[in-house]
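This report concerns only the one structure given below.
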Amino acid sequence: MKLAKFLTTTAAVALLASAVQAANIKIGASLPITGGLSVSGEKHKRGYELCTKLINDAGGILGRQVELVVSDNRSDPATAINQYERFLNVDKVDAVYGTFSSRLTFPVASILSKYNMVHPVPSGGALRIYEQGYKNLFYFQVSAAEYTGKDVIAVMKDIVASGQAPKTVAVVSADDFFANAISAGLLGQKVKDPATDKEIADLAPGYLADAGIEVVMQEKWPEEGFNDWLNLANSIKRSGAEMIVGLTASAEEAVQLTRSLKTVGATPKLVYLSQGAQTEFIEGVGKDAADGVLIHTTWHKDVPFEGTLAGKPFSNADFVKAFEAAYSVEPDEDSAIPFAVCQGIEQAITGANSTDNAKMGEWLHARTKDDPVRTVLGRFSWDERGLAKDKEHIMTQWQDGQLKFVYPKGEFEGVVPFSYPKAGF
């Protein structure tokens, strides 16, 4: 009898636990925790995990705790596709968070669209992602990567003295979705859908030509396995380019490129890199080599963005404080962006009063400049493609070992003078 009673009690407890678990809101995220994109993938995981913990500590969403389900896609597109399929068909998640990089986001977008899921994108800026006609894409950054060059050139037009801006440029890049997208805008190329060869956009003449900067070198390295950095750096130096544009797929590539430019003694006036806002960059290249390097970003720890979390005000400063308390290091944009994605989905579920993705999508599409999603990246509303409206990049520069906020001027406090020209590596 005692055994029977024990088993009955145990079964009841198990059923109760199961019921509680079923009441959780399950959210799936496939991230590159290992492989070539692992540095950013691990940081995205931290951003999602911290936001989830803070929401649960405040009582959850609609009175339900959030269960975050993260899988490692090993930086592989096919694996990412399979994992999102599993989230929806096996794990039965209520919602999803996006992955890192355009290379993974592009194929994942079609899967999530097929299942009519809201697809909040933390890091996937290639324009071709947003020209497929998917209804519930929401990009939590400034705009498509093709338009990044606009803000790079704006720094030179608005800050560098007349006649002192670079007249020649070397553009070197990874053969990667994201890097190719920025390159297309800078060089004025046509953007095509790789599946249909349909022209998406003609970006001629390009931001560099429009600014009167001559391209004296252009080279692309393969997506995987490239290690000939010194030869690349020597070619850049021999070109005599006054400006170097390095478009990389990862922070590690930015480190390798910068180290090699230092080794060969390149002396450009200006260096712009598409990656390098991460602490791994300054640790990898050293203060002197990094000094003067310009990097676009969506986030900076000193920008006074005001968001909400669990229905209460939650500023960018609050995020920095919470992240440091949780991980004993300062955050960078690779953690801030997914944190903002989590904020957006929490607001969508609350606003729709449901985890029904159709209703969540309707609520997100209804956001406006005056009634936006509020995050640690600022305010968001989106166009019909899923690209953010009325946003521009924060331009940062490494100065004396610190990533400083240099542009736009006059919009926020804390902007420091732009250091120019770069005094070598």
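- Rounding to the nearest 0.5 angstrom, the gap separating the CG atom in Leu112 from the CG atom in Leu137 is 8.5 Å.
- Paired with Trp382 under the rule ring pair (Phe, Tyr, Trp, His ring centres under 6.0 Å), one option of Trp363, Phe138, Tyr139 passes, and it is Phe138.
- Atom CG of residue Asp334 and atom NZ of residue Lys45 lie 14.5 Å apart, to the nearest 0.5 angstrom.
- In this structure, Gln278 contributes its side chain and Gly276 its backbone to a donor-acceptor pair below 3.5 Å.
- The CD1 atom of Ile182 sits 4.5 Å away from the OG1 atom of Thr148 when rounded to the nearest 0.5 Å.
- The cationic group of Lys269 does not satisfy the cation-pi geometry with Tyr420, failing either the under 6.0 Å distance to the six-membered ring centre or the 45° limit from the ring axis.
- At least one side-chain heavy atom of Asp332 sits under 4.5 Å from a side-chain heavy atom of Glu280.
- A perpendicular orientation is assigned to the rings of His44 and Phe100, their planes being inclined by more than 60° (bins at 30° and 60°).
- Between the side chains of Gln347 and Gln343, no donor N or O sits under 3.5 Å from an acceptor N or O.
- Side chains of Asp318 and Ser315: a donor on one and an acceptor on the other come within 3.5 Å.
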Asn316 and Trp299: CA distance, side-chain angles, deciding distance, side chain to side chain donor-acceptor pair (under 3.5 Å) verdict
CA-CA 9 Å; Asn316 190 35; Trp299 176 88; 2.5 Å; yes
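- Side-chain atoms of Asp228 and Asn231 include a donor-acceptor pair closer than 3.5 Å.
- No more than 12 heavy atoms of other residues, nucleotides or ligands shown are found within 6.0 angstrom of NZ on Lys359.
- Annotation for Leu37 and Ala249: closest pair CD2-O, 3.8 Å, computed over non-hydrogen atoms.
- When side chains are defined from C-beta on, Val416 counts as touching Val406, because their heavy atoms get closer than 4.5 Å.
- Remark: Ile27 CD1 to Leu68 CG distance equals 7.5 Å, nearest 0.5 Å.
- Between Phe418 and Tyr407, the ring center distance fails the sub-6.0 Å criterion.
- Judged purely by distance below 3.5 Å, without hydrogens or angles, the side chains of Ser30 and Gln83 pair a donor atom with an acceptor atom.
- The main-chain N or O of Ala204 is found under 3.5 Å from a side-chain atom of Asp202 such that the two form a donor-acceptor pair.
- Classified by interplanar angle (parallel below 30°, tilted 30° to 60°, perpendicular above 60°), the ring pair Trp229/Trp221 is perpendicular.
- No donor-acceptor pair closer than 3.5 Å links the side chain of Thr355 to the backbone N or O of Asp94.
- More than 12 heavy atoms of other residues, nucleotides or ligands sit less than 6.0 Å from atom CZ of Arg128.
- The aromatic rings of Tyr97 and Tyr48 sit parallel, their planes meeting at an angle under 30°, below the 60° perpendicular limit.
- Checking side-chain atoms of Ser335 against main-chain N and O of Pro331 turns up no donor-acceptor pair under 3.5 Å.
- For Glu224, the salt bridge (charged side-chain N to carboxylate O under 4.0 Å, His left out) partners at least two apart in sequence or on another chain are Arg103.
- Ion pairing between Lys53 and Asp57 holds under the 4.0 Å rule for side-chain N and carboxylate O.
- Annotation: side chain of Glu67 is not in contact with side chain of Val93 (no heavy-atom distance under 4.5 Å).
- Comment: Glu333 does not engage Lys301 in a salt bridge, judged by the lack of any side-chain N to carboxylate O separation of less than 4.0 angstrom.
- Less than 6.0 angstrom separates the ring centroid of Phe314 from the ring centroid of Phe339.
- Under 4.0 Å is where a charged nitrogen must lie from a carboxylate oxygen, and between Lys422 and Asp291 no such pair does.
- Listed by first and then second residue, the salt bridge (Lys or Arg N to Asp or Glu O under 4.0 Å) pairs that reach into residues 379-388 are Glu131-Arg385, Asp383-Arg385, sequence neighbours excluded.
- Between Asp400 and Lys287, at least one side-chain N (NZ, or NE/NH1/NH2) sits under 4.0 Å from a carboxylate O, which counts as a salt bridge.
- Within a 6.0 Å sphere centred on CD of Glu199, heavy atoms belonging to other residues, nucleotides or ligands number more than 12.
- Under the side-chain contact (heavy atoms from CB on, under 4.5 Å) rule, Leu187 has a single partner from Val169, Leu203, Val215, which is Val215.
- Checked for salt-bridge contact, Lys114 and Glu85 meet the test: a charged N lies under 4.0 Å from a carboxylate O.
- Not one N or O on the side chain of Ser143 forms a donor-acceptor pair closer than 3.5 Å with the backbone of Leu387.
- Side chain to side chain, Gln399 and Gln397 meet the donor-acceptor criterion of an N or O pair below 3.5 Å.
- Relative orientation of the Phe323 and Tyr327 rings is tilted, given thresholds of 30° and 60° on the angle between their planes.
- Side-chain contact check for Phe319 versus Cys51: every heavy-atom pair is 4.5 Å or farther apart.
- Between the side chains of Asn116 and Asn357, no donor-acceptor pair is found at a separation under 3.5 Å.
- No donor-acceptor pair closer than 3.5 Å links the side chain of Ser113 to the backbone N or O of Ala109.
- Formation of a donor-acceptor pair under 3.5 Å by the His393 side chain with backbone atoms of Gln141 is not found in this model.
- In this structure, the side chain of Thr79 does not engage the main chain of Arg74 through any donor-acceptor pair within 3.5 Å.
- Here the side chain of Asn56 pairs a donor or acceptor atom with the backbone of Val66 at under 3.5 angstrom.
- Annotation: the span from Ile295 atom CD1 to Leu273 atom CG amounts to 5.5 Å, rounded to 0.5 Å.
- To the nearest 0.5 Å, atom CD1 of residue Ile236 and atom CG of residue Leu261 are 5.0 Å apart.
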